[in-house]
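Hydrogens, waters and symmetry mates play no part in the numbers below; they use all other heavy atoms, side chains included. Numbering of ligands and ligand atoms starts at 1, following listing order.
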Amino acid sequence: MALSNHTIIAGGGIIGLCCAYYLHKDKHEVTVIDRTGITDNCSFGNMGYFSPSHFMPLAQPGIITEGLLHLFNSKSPFYIKPRLNKELLQWAWQFKRNARGKTALQNAVYLNNILQLSRGLINEVRKDIGDHFKMQEKGCFMLCRTNSGLRHEEELMPMAEQFGLQVEKLSRHKVQEMEEHVETNVIGAIWFKDDCHIHPGMFMNALKKYLQDIGVHFILHEEVTGFEKNGNSVSAVITQNQKLVADHFVIAAGSWLPQVASLLQTHILLQPGKGYSHTYDDVEKNILYPAILVEGRCAITPWQQMLRIGGTMEFSGLNHEILMRRMQGIYQNIKMYYPGLQIQMPEQENVWCGLRPVSPDGLPYIDKLPGYENVIMAGGHAMLGVSQCTGTGLLVSQMLQNKPTEIDMHPFRLNRF
Ligand SMILES: Cc1cc2nc3c(=O)[nH]c(=O)nc-3n(C[C@H](O)[C@H](O)[C@H](O)COP(=O)(O)OP(=O)(O)OC[C@H]3O[C@@H](n4cnc5c(N)ncnc54)[C@H](O)[C@@H]3O)c2cc1C
């Protein structure tokens, strides 16, 4: 029997759980279905940045050349496995179109809107669910080892300031002074002060527990395999074990969005972008600030004595195969920027990987499914799923009830390609 205002969410990553949080707040009866136990998906092992600073989408000028330069380097941070695949070719064509200067700048404005909305909301969520995920509000460094890298980052400063962000250029000495425990080897940095970082795995566990405690229902280890339709709406989802009736449906299936959308005859352009990370549990002399290593295109995040290193964007399809050469590339870059950091290259069994759901323009899909008045798609947040999770949750709950939305949703429509 359908409960009034019962919403089913397919997918329990950070996007699905944040949708559950806001829908429950808005008096919906909520059920989350995930084909796993929600103990490890892309939302767990990432770097944990809540980054309004990352307003430039992945599809930006220069990225194609960089990708081509790295194509045959197995340690490179950016890689597309060459293969003849219609979906990949369509995606790459749209990616190239969106990497043009004017389009990328326009997309940066849209991305900034949802990033800033989300950054504001995470403080409220923390108050609600409790401070269980090591959130720290100390900004993020963009560390540079070359003049061209530093110049590129500096060029973004006026735009950041126009968006209302606080930014400061730091000399090599200032960086070293702030990173007092570990020797660094950089020529300078740009410090984006509004960013914060969380421990994403702890956030996922805390949010899931909070949702369970307030009555959100979880159906785990069941996969959504179909939908039952009734005219221009969906009436039920089908899993391998049961049929579940509801009033509204949210599809938040991460890198599996195209597969789930195809069950409703909807075509989504999206590629899984694999990234790696490794976490050190106890670093005696640790860094104090999270940082992007600009030329190395990888990242580092400290949580007191814990430390995570990670990166790479590998387009090799839907698989969790670990290529240790890529992890080696990350490790070597970290050692180059922080020669004083006492960490060892991790063993393969301790390397994590996750699949970022990457849309061709780097903007998410948050929209009602064409032809269905009660189904919303929420995904495709690429490298910024953490940074956009709270905003996405709120926007989905507003759209689902046909309320005015906090920001313009037109850039996130499904049929933009
Ligand atoms: C190395 C790395 C570093 C990153 N760092 C950051 C960062 O610092 N900041 C940031 O903002 N972002 C970062 N990201 C990106 C971020 O992790 C992702 O954008 C985000 O996790 C995507 O969340 P999601 O909920 O859409 O997908 P997921 O977390 O993948 O969740 C999707 C869920 O859907 C479920 N599912 C799929 N199909 C079905 C089905 N048919 N039925 C039922 N369930 C289904 C899956 O089991 C999964 O649990 C990083 C990513 C990587 C890889």
Can you tell me if S277 contacts ligand 1 (heavy atom of the residue under 4.0 Å from the ligand)?
no
How far is atom 8 (O) of ligand 1 from its nearest protein heavy atom, and which residue and atom is that?
Y49 N, 2.9 Å
E222, any N or O under 3.5 Å of ligand 1 N or O:
no
Does H381 reach ligand 1 with a nitrogen or oxygen that is under 3.5 Å from one of the ligand's nitrogen or oxygen atoms?
no
Closest candidate by heavy atom, reference atom 23 (O) of ligand 1, pool S43, G37, G385:
S43
If you count every heavy atom of other residues, nucleotides or ligands that lies below 6.0 Å from H410 atom NE2, does the total exceed 12?
no
Would you say R356 and ligand 1 have an N/O pair spaced under 3.5 Å apart?
no
Could you check atom 22 (C) of ligand 1 against the protein and tell me its nearest heavy-atom contact, residue, atom and distance included?
P357 CD, 3.9 Å
Do any nitrogen or oxygen atoms of I15 come within less than 3.5 Å of a nitrogen or oxygen of ligand 1?
yes
With E137, the side chain to side chain contact (heavy atoms under 4.5 Å, CB included) member among D195, N123, I122, D194:
N123
What residue and atom, counting heavy atoms only, is the protein's closest point to atom 5 (N) of ligand 1, and at what distance?
M47 N, 3.1 Å
Report yes or no: do E314 and S316 form a side-chain donor-acceptor pair below 3.5 Å?
yes
Which heavy atom in G11 sits nearest to a heavy atom in V32, and how many Å separate them?
O-CG1, 4.1 Å
Under a 4.0 angstrom heavy-atom cut-off, which atoms of ligand 1 come close to E223?
40 (C), 41 (N), 42 (N)
Have a look at ligand 1 and work out which part of M383, if any, has a heavy atom under 4.0 Å from it: side chain, backbone, both or neither.
backbone
Answer yes if the side chains of T7 and H28 hold a donor-acceptor pair under 3.5 Å, and no otherwise.
yes
If we ignore hydrogens and angles and just use 3.5 Å, is the side chain of T225 paired with the main-chain N or O of I238 as donor and acceptor?
yes
Which heavy atom of the protein is the closest neighbour of atom 4 (C) of ligand 1, given with residue, atom name and distance?
N46 CB, 3.1 Å
Once rounded to the nearest 0.5 Å, what's the spacing between atom OG of S235 and atom NZ of K243?
6.5 Å
Does any N/O atom on G16 come nearer than 3.5 Å to any N/O atom on ligand 1?
no
Between H267 and E87, does any side-chain donor sit less than 3.5 Å from a side-chain acceptor?
yes
Any donor-acceptor N or O pair under 3.5 Å, side chains T184, E179
no
Which residue and non-hydrogen atom of the protein lie closest to atom 27 (O) of ligand 1, and at what distance in Å?
G254 CA, 3.4 Å
Taking 4.0 angstrom as the limit and counting only heavy atoms of L384, give me the atoms of ligand 1 inside it, by number and element.
10 (C), 11 (O), 12 (N)
If I apply the N/O under 3.5 Å rule, does C42 come out as touching ligand 1?
yes
Nearest candidate to atom 41 (N) of ligand 1, where distance is taken over non-hydrogen atoms, out of T36, I251, V224
V224
Counting only heavy atoms not in K285 (residues, nucleotides, ligands), do more than 12 fall under 6.0 Å from its NZ?
no
Does R126 make a cation-pi contact with F133 (under 6.0 Å, within 45 degrees of the axis)?
no
Indicate yes or no: does an N/O atom of A10 lie under 3.5 Å from an N/O atom of ligand 1?
no
Sub-3.5 Å N/O-N/O distance, D34 and ligand 1:
yes
Closest heavy-atom pair and its distance - C389, F50
SG-CZ, 3.7 Å
Using only atom types and a distance under 3.5 Å, with no angle test, would you say the side chain of S359 pairs donor to acceptor with the backbone of G362?
yes
Among Y276, W256, F44, closest by heavy atom to atom 1 (C) of ligand 1 is Y276
Interfacing atoms of ligand 1 (cut-off 4.0 Å, heavy-atom, I14)
23 (O), 25 (O)
Would a distance-only check, ignoring hydrogens and angles, find a side-chain to backbone donor-acceptor pair under 3.5 Å from R297 to G311?
no
Protein residue, atom and distance nearest to atom 11 (O) of ligand 1, heavy-atom basis
S387 N, 2.7 Å
Is there a heavy atom in I38 that sits closer than 4.0 Å to ligand 1?
no
List ligand 1 atoms under 4.0 Å from V260, heavy atoms only on the residue side.
41 (N)
For the residue pair Y49 and H54, does the interplanar ring angle fall in the parallel (under 30°), tilted (30 to 60°) or perpendicular (over 60°) class?
perpendicular
Contact region, S51 to ligand 1, non-hydrogen atoms below 4.0 Å, reads neither
Heavy atom of the protein closest to atom 31 (O) of ligand 1 (residue, atom name, distance)
G13 CA, 3.2 Å
Quick one: look up the protein heavy atom nearest atom 44 (N) of ligand 1 and list residue, atom name and how far away it is.
R35 N, 3.3 Å
Going by the atom numbers of ligand 1, which of them fall below 4.0 Å from some non-hydrogen atom of A382?
15 (C), 18 (C), 19 (O)
Could you tell me whether a side-chain N or O of E228 sits under 3.5 Å from a main-chain N or O of A236, the two making a donor and an acceptor?
no
